[in-house]
Amino acid sequence: MLIREAVAEDWPRIWPFWHRIVAAAETYAWDSDTSEEAARALWMAPAKTVYVVEDETGAVVASAYLTPNYGGPASRIANAGFMVDPDHAGRGIGRALAEHLLAAAEAAGYEGMVFNAVVETNPAVKLWTSLGFTILGTVPEAYDHPRHGRVGLHIMYKAL
Ligand SMILES: CC(C)(COP(=O)(O)OP(=O)(O)OC[C@H]1O[C@@H](n2cnc3c(N)ncnc32)[C@H](O)[C@@H]1OP(=O)(O)O)[C@@H](O)C(=O)NCCC(=O)NCCS
């Protein structure tokens, strides 16, 4: 597994699993019918440092971004987003990518990382907690989940 910074040419290899994850509408607060162009603008925004994971065949199997969560005097707090191709989930890629981004964030001088909207039913909550994130609070019934109905959105934080 190789974790590297993404280049613009990686986008067509990110889009298929990006679309599949957002269309499922279980984990991200983005419209499930987000167009490819809008998705590219969201994920590959200039303020974001984007990473990809290549498997041993060179296929892109995951992506993540690192960006300031706020601006100006609060720019030392990072935000990040993670997507592992569902066909490659559960093999440790998400954990390795998260550890890589936490190290990159720390090296870049960030002093904390915040996740603004973690769907409370997402198994990722367990992953983030195991990496040292705590739940600062929960916006109740904010997310309309296709299987669980109205569920909360956690704001999660880790000091770096
Ligand atoms: C969340 C996500 C990034 C995790 O990546 P992954 O490669 O599947 O996770 P890993 O294989 O590294 O597993 C990490 C831990 O999370 C747990 N986990 C991850 N996905 C899980 C699932 N669907 N069900 C149960 N546990 C799960 C595992 O138990 C594992 O714990 P362990 O390391 O102690 O064994 C990935 O599933 C994903 O992209 N999901 C859709 C998008 C998303 O939810 N992004 C995060 C938004 S907050």
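Just follow the structure's listing: the first ligand is 1, and inside any ligand the first atom is 1.
Listed by number with element, the atoms of ligand 1 under 4.0 angstrom from any heavy atom of R91 are 11 (O). When each atom of ligand 1 is checked for a heavy atom of T27 under 4.0 Å away, the hits are 42 (C), 43 (C), 44 (O). With ligand atoms numbered from 1 in the order given, ligand 1 contributes 10 (P), 11 (O), 12 (O) to contacts under 4.0 Å with heavy atoms of G92. Against a heavy-atom cut-off of under 4.0 Å, M83 is close to the following atoms of ligand 1: 39 (O). Taking every non-hydrogen atom of G90 and a distance limit under 4.0 Å, the qualifying atoms of ligand 1 come out as 6 (P), 7 (O), 8 (O), 11 (O). Here is the list of ligand 1 atoms found below 4.0 Å of a heavy atom in I93: 7 (O), 12 (O). Using a 4.0 Å cut-off to heavy atoms of K126, the atoms of ligand 1 that qualify are 29 (O). In summary, the atoms of ligand 1 found under 4.0 Å from a heavy atom of R95, numbered by their order in the structure, are 12 (O), 31 (O), 32 (P), 33 (O), 34 (O).
To the nearest 0.5 angstrom, L101 atom CG is 10.5 Å from N79 atom CG.
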W18 and Y28: side chain to side chain contact (heavy atoms under 4.5 Å, CB included), yes or no, with the steps? CA-CA 10 Å; W18 197 104; Y28 274 90; over 6 Å; no

With ring pair (Phe, Tyr, Trp, His ring centres under 6.0 Å) as the criterion, how do Y157 and W128 come out once you've worked through the C-alpha distance, each side chain's angles and the decisive distance to 0.1 Å? CA-CA 9 Å; Y157 173 74; W128 306 146; over 10 Å; no

Test side-chain hydrogen bond (donor to acceptor under 3.5 Å, both in side chains) on R95 and S130 and set out the steps. CA-CA 10 Å; R95 180 179 290 280; S130 77; 3.0 Å; yes

Quick one: do F133 and F115 satisfy ring pair (Phe, Tyr, Trp, His ring centres under 6.0 Å)? Show the steps, please. CA-CA 9 Å; F133 285 82; F115 298 148; 4.5 Å; yes

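The backbone N or O of L42 sits less than 3.5 Å from a side-chain atom of K48, completing a donor-acceptor pair.
Polar contact with ligand 1: absent for A124 (N/O pair, distance under 3.5 Å). Between P123 and ligand 1, no pair of N/O atoms sits closer than 3.5 Å. Not one N or O of A89 is nearer than 3.5 Å to an N or O of ligand 1, by distance alone. In terms of polar-atom proximity, H88 is not counted as a contact of ligand 1, lacking any N or O under 3.5 Å from an N or O of the ligand. Inclusion of A96 in the set of residues having an N or O under 3.5 Å from an N or O of ligand 1 is not warranted.
Residue R4 qualifies as enclosed at atom CZ: its count of foreign heavy atoms under 6.0 Å is above 12. Around the NE2 atom of H19, the shell of radius 6.0 Å holds no more than 12 heavy atoms that belong to other residues, nucleotides or ligands.
With a 4.0 Å heavy-atom cut-off, ligand 1 is reached by no atom of E26. Of all the heavy atoms of V84, the ones lying under 4.0 Å from any atom of ligand 1 are found in both the backbone and the side chain.
Compare F133, F82, W128 by their heavy atoms: the one nearest to atom 48 (S) of ligand 1 is in W128.
Ring geometry for H148 against H145 counts as tilted: the plane angle lies between 30° and 60°, on a 0 to 90° scale.
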